[in-house]
Protein chains: 2
Amino acid sequence: MPVFLSTADETFEPAFAELLSTKREDAPDVDAAVAAIIADVRARGDAAVLELTAQFDRLELTPGTLTFSEGEIEEQIAKVPAEEREALELAAGRIRAYHERQMPEDARWTDAVGAELGWRWSPVSSAGLYVPGGLASYPSSVLMNAIPAKVAGVQRLAVCCPTPGGAVNPLVLLAANLAGVDTLYRIGGAQAIAALAYGTETIRPVDKITGPGNAYVAAAKRRVFGRVGIDMIAGPSEILVIADRDNDPDWIALDLMSQAEHDESAQAILVTNDAGFGQAVAAAVDARLRTLGRRAIAGASWRDYGAVIVTRDLDEAVALSNRVAPEHLELCVADPDTLAEKITHAGALFLGRWTPEAIGDYVGGPNHVLPTARSARFSSGLSVLDFLKRTTVAKMSPEALAAIGPSAERLATSESLEAHGLSVRARLDRLNR
Amino acid sequence: MPVFLSTADETFEPAFAELLSTKREDAPDVDAAVAAIIADVRARGDAAVLELTAQFDRLELTPGTLTFSEGEIEEQIAKVPAEEREALELAAGRIRAYHERQMPEDARWTDAVGAELGWRWSPVSSAGLYVPGGLASYPSSVLMNAIPAKVAGVQRLAVCCPTPGGAVNPLVLLAANLAGVDTLYRIGGAQAIAALAYGTETIRPVDKITGPGNAYVAAAKRRVFGRVGIDMIAGPSEILVIADRDNDPDWIALDLMSQAEHDESAQAILVTNDAGFGQAVAAAVDARLRTLGRRAIAGASWRDYGAVIVTRDLDEAVALSNRVAPEHLELCVADPDTLAEKITHAGALFLGRWTPEAIGDYVGGPNHVLPTARSARFSSGLSVLDFLKRTTVAKMSPEALAAIGPSAERLATSESLEAHGLSVRARLDRLNR
């Protein structure tokens with residue numbers, strides 16, 4: 001049974017605080033193992049990658065078969081049924097259109113003292129995208145990572161996707177193809193992250209690594225951070241639904257289950273201003289859990305981490321949601337836009353009764369790689385900005401230097417940085433001659 | 001003696017590759033010690049922070065004196081000479097004006113199928129800024145971290161600045177005051193980072209931690225990443241100057257030394273298309289190194305990591321600079337704007353002969369917290385974006401859901417995520433009734 005809470009109860013605050021602080025992922029401490037794998041790949045390159053792939057993925061490769069060949073990719077892609085291809089193409093087009101709007105603009109202006117200032121954006125040259133193998137090998141995640149990179153202008157985009165026992169997901173290859181991925185490697189785990197960060201004889205190093213993965217992949221990304229850029233460390237998925245009584249309880253139940261079915265550690269929370277509606281949704285969830293294909297996973301998530309919270313009104317619901325900072329937030333109410341104005345922390349907003357979160361996972365347009373585990377308090381979903389960097393620009397005229405240089409010299413002196421001050425002073429002296 | 005290289009030499013490529021791969025910072029492995037400090041602060045709160053401060057900073061505090069009192073801040077600030085205050089105020093005003101231009105805009109549009117899409121930016125609620133104590137306690141860094149946070153709209157901004165032996169830098173307190181910092185703690189090291197991330201009885205936890213620090217601080221930031229947001233892990237400073245023969249060699253020498261004087265591990269590189277000019281700058285550096293206050297530090301940096309590289313032309317200089325991806329890049333040439341167009345990786349650009357890098361450290365306006373150690377390949381300097389996060393927005397009309405829902409359902413089915421598909425299907429069925 002999920003937790004049932006009401007803000008009217010005296011015990012609400014400690015119970016909600018406990019819900020907030022519950023650690024859902026008991027990440028195994030794989031750091032030492034990962035450090036050894038990274039050191040091995042750095043020392044022995046391909047040989048280490050091949051051995052580790054044989055060991056972990058039960059797959060014997062050679063340097064020549066580390067990379068999917070063009071022929072093989074074409075052969076796999078040809079297996080994809082037309083209607084799945086069309087759906088993936090629709091998704092790719094919508095994701096591309098959304099992310100193209102995110103491209104930031106360069107700026108340049110001249111200020112009152114005559115200093116020219118501004119910034120310029122430029123893409124990361126190369127990026128590597130990690131795609132998990134096996135059950136959680138999602139073509140939609142390939143699109144969500146690769147398309148922003150290509151929209152940003154990344155020249156060289158590599159994908160690492162393990163194929164345990166040799167099993168290949170044709171849709172993943174098609175997604176990579178549609179998104180414009182340049183190279184596809186058949187490797188995974190910490191060894192793939194190490195190879196992307198440091199390079200091997202066969203695998204060219206990249207400047208930025210993104211994409212979800214298991215505890216080994218997450219630990220490896222954390223370790224190579226600095227050598228290369230990384231995106232976030234993603235945790236289990238979450239949804240919070242704020243719903244009034246005028247929703248179909250079954251719709252809301254399905255929305256909750258669509259996150260719960262991801263992972264036993266996923267979390268689905270309903271916040272409603274109507275206790276009876278909360279009960280009705282819980283009943284609808286129970287009914288759905290009798291037949292859902294992934295009922296074991298979704299049921300465990302709902303039982304262990306699910307919650308139904310009854311509030312006095314919708315504003316109180318928003319205040320609680322802001323404390324949770326959920327990855328996905330549905331506002332299933334009559335006037336979702338007004339409520340949305342009050343949301344301060346959430347990865348993605350889904351407004352109104354006709355926007356199930358699953359739309360955002362595939363075809364909405366916004367990215368589905370979003371901050372989990374309350375990190376929407378301080379971070380954003382993946383975007384083109386993750387594949388761009390900004391260079392600031394300053395250009396002083398002699399007059400501008402004369403106007404602000406003395407202050408720079410004074411501050412440099414106060415920080416005991418003499419050469420800083422002299423580099424300004426030498427130029428000012430020339431002006432004063 | 002610094003390295004002298006010429007692209008005309010046969011041995012250039014391996015020598016340049018070695019320059020690129022030289023590790024300048026031999027970071028001690030303090031990770032185990034930092035893990036223990038973090039665990040201690042989490043377990044014992046204030047008591048641990050007070051003990052560690054007594055141990056590392058030789059300073060006996062109480063929970064009541066962990067925080068600078070208003071009276072003490074006023075007393076310290078009153079000591080600052082008027083001309084230093086004016087310089088700091090000029091810097092603060094210019095930094096604020098620059099960063100206000102960085103504020104991104106929200107977006108909302110309706111696409112061809114009738115889906116409303118967009119995003120909203122919102123500030124991080126609270127941030128903590130680390131300011132090193134002792135010699136490298138720079139008021140300019142307080143401005144550079146705190147002002148973007150306040151421009152972004154961060155409600156609660158805390159600063160941790162250790163005061164070893166009780167020594168306080170009045171300019172740091174004034175900078176914090178000018179920037180609108182809300183709380184100032186007299187603590188440092190890994191214990192300060194742990195306290196900011198997890199909170200203690202006296203210290204409220206924050207959502208994001210920024211600012212430079214020693215190896216302990218860097219390791220602690222890496223460890224608390226995920227619990228809170230962090231900025232980059234900063235390394236020793238770097239400058240690359242591209243200069244033609246029409247510069248005063250002494251100006252360029254001073255610009256190089258203004259980075260070299262920061263740290264024995266700092267790096268200053270001159271790239272010029274004129275060998276004679278390169279020699280002249282090297283001679284000017286030697287002359288300056290005889291008298292500079294920080295000549296021991298600057299001299300060691302120049303000797304161990306300095307380089308003069310002679311190229312055939314300026315385009316070749318740009319190509320080399322892009323491989324370095326320097327933190328600071330000066331283009332001391334006749335037409336810096338044309339050359340700047342070809343720069344793909346650099347933290348900050350300083351254009352023309354009248355823009356010494358030191359201007360950017362204090363009063364230019366752009367941020368001086370910039371990517372080091374070649375990380376300008378994939379990251380940017382500090383900006384208001386570091387204190388904001390983006391929430392994506394999607395709102396489907398029934399018609400929009402009818403148009404794109406079936407594709408979402410199909411992709412969900414192909415990923416074996418049944419509830420995802422059903423959450424869309426239930427709504428489509430209602431429309432079809």
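- Contacts between A/L331 and chain B at a heavy-atom distance below 4.5 Å are absent for every atom of the residue.
- Of the inter-residue distances, the one linking B/Y362 atom OH with A/E415 atom CD reads 4.0 Å to the nearest 0.5 angstrom.
- B/R377 touches chain A through backbone and side chain together, each having a heavy atom under 4.5 Å away.
- One distance of note links CH2 of A/W251 with CG of B/L422; it measures 13.5 Å at 0.5 Å rounding.
- Side chain of B/T355 to backbone of A/M396: a donor-acceptor contact under 3.5 angstrom is found.
- Ranked by non-hydrogen atom pairs under 4.5 Å with chain B, the options A/G421, A/G235, A/A340, A/A253 are led by A/A340.
- Looking at A/T344, only its backbone comes within 4.5 Å of chain B, counting heavy atoms on both sides.
- Contact count against chain A (heavy-atom pairs under 4.5 Å) is highest for B/E341 among B/E86, B/K208, B/E341, B/E357.
- In terms of heavy-atom pairs under 4.5 Å with chain B, the best-connected choice from A/G352, A/G364, A/G347, A/A91 is A/G347.
- Contacts between A/L171 and chain B at a heavy-atom distance below 4.5 Å involve the side chain alone, from C-beta outward.
- Closest non-hydrogen pair, A/H345 versus B/P123, comes out as CE1-O, 4.0 Å.
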**OP:** Take B/D361 and A/H420 through the side-chain contact (heavy atoms from CB on, under 4.5 Å) test and state the conclusion after the steps.
**Re:** CA-CA 9 Å; B/D361 281 337; A/H420 283 66; 2.9 Å; yes
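- Ranked by heavy-atom pairs shorter than 4.5 Å toward chain A, the options B/G381, B/A115, B/S375 are led by B/G381.
- Atoms CZ and CG, from B/F378 and A/D386 in turn, are 13.0 Å apart once rounded to the nearest 0.5 Å.
- Heavy-atom pairs under 4.5 Å with chain A were tallied for B/R288, B/K395, B/E261; the largest tally goes to B/E261.
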Original post:
Given the rule in the side-chain contact (heavy atoms from CB on, under 4.5 Å) test, do A/R430 and B/D248 qualify, once you have shown the distances and angles that lead to the verdict?
Top reply: CA-CA 11 Å; A/R430 179 77 49 92; B/D248 185 327; 2.6 Å; yes
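- Nearest heavy-atom pair, B/A358 versus A/A408, reported as atom, atom and distance to 0.1 Å: O-CB, 4.5 Å.
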Subject >> salt bridge (charged side-chain N to carboxylate O under 4.0 Å, His left out) between A/D337 and B/R108, intermediate numbers included >> reply: CA-CA 12 Å; A/D337 284 284; B/R108 187 81 174 256; 2.7 Å; yes
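- Both the backbone and the side chain of A/F225 have a heavy atom closer than 4.5 Å to some heavy atom of chain B.
- Of the atoms belonging to A/N169, not a single heavy atom falls under 4.5 Å from chain B.
- Between chain B and the residues A/I343, A/N367, A/I252, the most heavy-atom pairs under 4.5 angstrom are made by A/I343.
- The contact between A/D207 and chain B is made by backbone and side chain atoms together, counting heavy-atom distances below 4.5 Å.
- The CD atom of B/E83 lies 10.0 Å from the OG atom of A/S414; values are rounded to the nearest 0.5 Å.
- Among the candidates A/P81, A/A112, A/A373, A/G118, the residue making the largest number of heavy-atom pairs closer than 4.5 Å to chain B is A/G118.
- Proximity to chain B (any heavy atom under 4.5 Å) is restricted, for A/L90, to the side chain, taken from C-beta onward.
- When all heavy atoms of A/R294 and B/S416 are compared, the closest pair comes out as CD-O, 3.1 Å.
- Both the backbone and the side chain of B/A346 come within contact range of chain A, each with at least one heavy atom under 4.5 Å from a heavy atom of that chain.
- At a 4.5 Å heavy-atom cutoff, the contact between B/R222 and chain A is made by backbone and side-chain atoms alike.
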Subject >> Steps toward salt bridge (charged side-chain N to carboxylate O under 4.0 Å, His left out) verdict (A/D255, B/R427) >> reply: CA-CA 11 Å; A/D255 296 353; B/R427 289 165 168 96; 2.7 Å; yes
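- Taking both residues in full, the closest heavy atoms of B/L388 and A/S380 are given as O-OG, 4.4 Å, listed atom of the first, atom of the second, then distance.
- Among B/G365, B/G360, B/S122, B/S140, the residue making the largest number of heavy-atom pairs under 4.5 Å with chain A is B/S140.
- Chosen from A/T391, A/I359, A/T372, A/V424, the residue pairing most often with chain B at heavy-atom distances under 4.5 Å is A/T391.
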**OP:** Please assess A/S407 against B/R94 for the test side-chain contact (heavy atoms from CB on, under 4.5 Å), listing each intermediate value before the final yes or no.
**Re:** CA-CA 11 Å; A/S407 292; B/R94 293 187 57 85; over 6 Å; no
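- Taking A/E89, A/R374, A/M257, A/R227 one by one and counting their heavy-atom pairs under 4.5 Å with chain B, the maximum is reached by A/R227.
- Qualifying side-chain contact (heavy atoms from CB on, under 4.5 Å) partners for B/Q102, counting only residues two or more places apart in sequence or in other chains: A/W119, A/R390, B/Y98, B/H99, B/S383, B/V384.
- In terms of heavy-atom pairs under 4.5 angstrom with chain A, the leader among B/D111, B/T413, B/L370, B/L256 is B/D111.
- Chosen from B/V363, B/V124, B/V113, the residue pairing most often with chain A at heavy-atom distances under 4.5 Å is B/V363.
- Both the backbone and the side chain of A/A426 have a heavy atom closer than 4.5 Å to some heavy atom of chain B.
- A/S258 places no side-chain N or O within 3.5 Å of a backbone atom of B/A419 that could act as its donor or acceptor partner.
- Proximity to chain B is limited to the backbone of A/A376, based on heavy atoms less than 4.5 angstrom apart.
- For A/R120, the part lying near chain B is the side chain, with the backbone staying farther off; criterion is any non-hydrogen pair under 4.5 Å.
- A search for side-chain hydrogen bond (donor to acceptor under 3.5 Å, both in side chains) contacts involving B/E409 returns B/R425, not counting sequence neighbours.
- Looking only at side-chain heavy atoms (C-beta outward), A/V393 and B/P366 stay at 4.5 Å or farther from each other.
- Of the two parts of A/S379, only the backbone, made up of N, CA, C and O, holds a non-hydrogen atom closer than 4.5 Å to a non-hydrogen atom of chain B.
- Proximity to chain A is limited to the side chain of B/P336, based on heavy atoms less than 4.5 angstrom apart.
- Only the side chain of A/L401 comes within less than 4.5 Å of a heavy atom in chain B; its backbone stays farther off.
- Atoms CG and OH, from A/L411 and B/Y138 in turn, are 13.0 Å apart once rounded to the nearest 0.5 Å.
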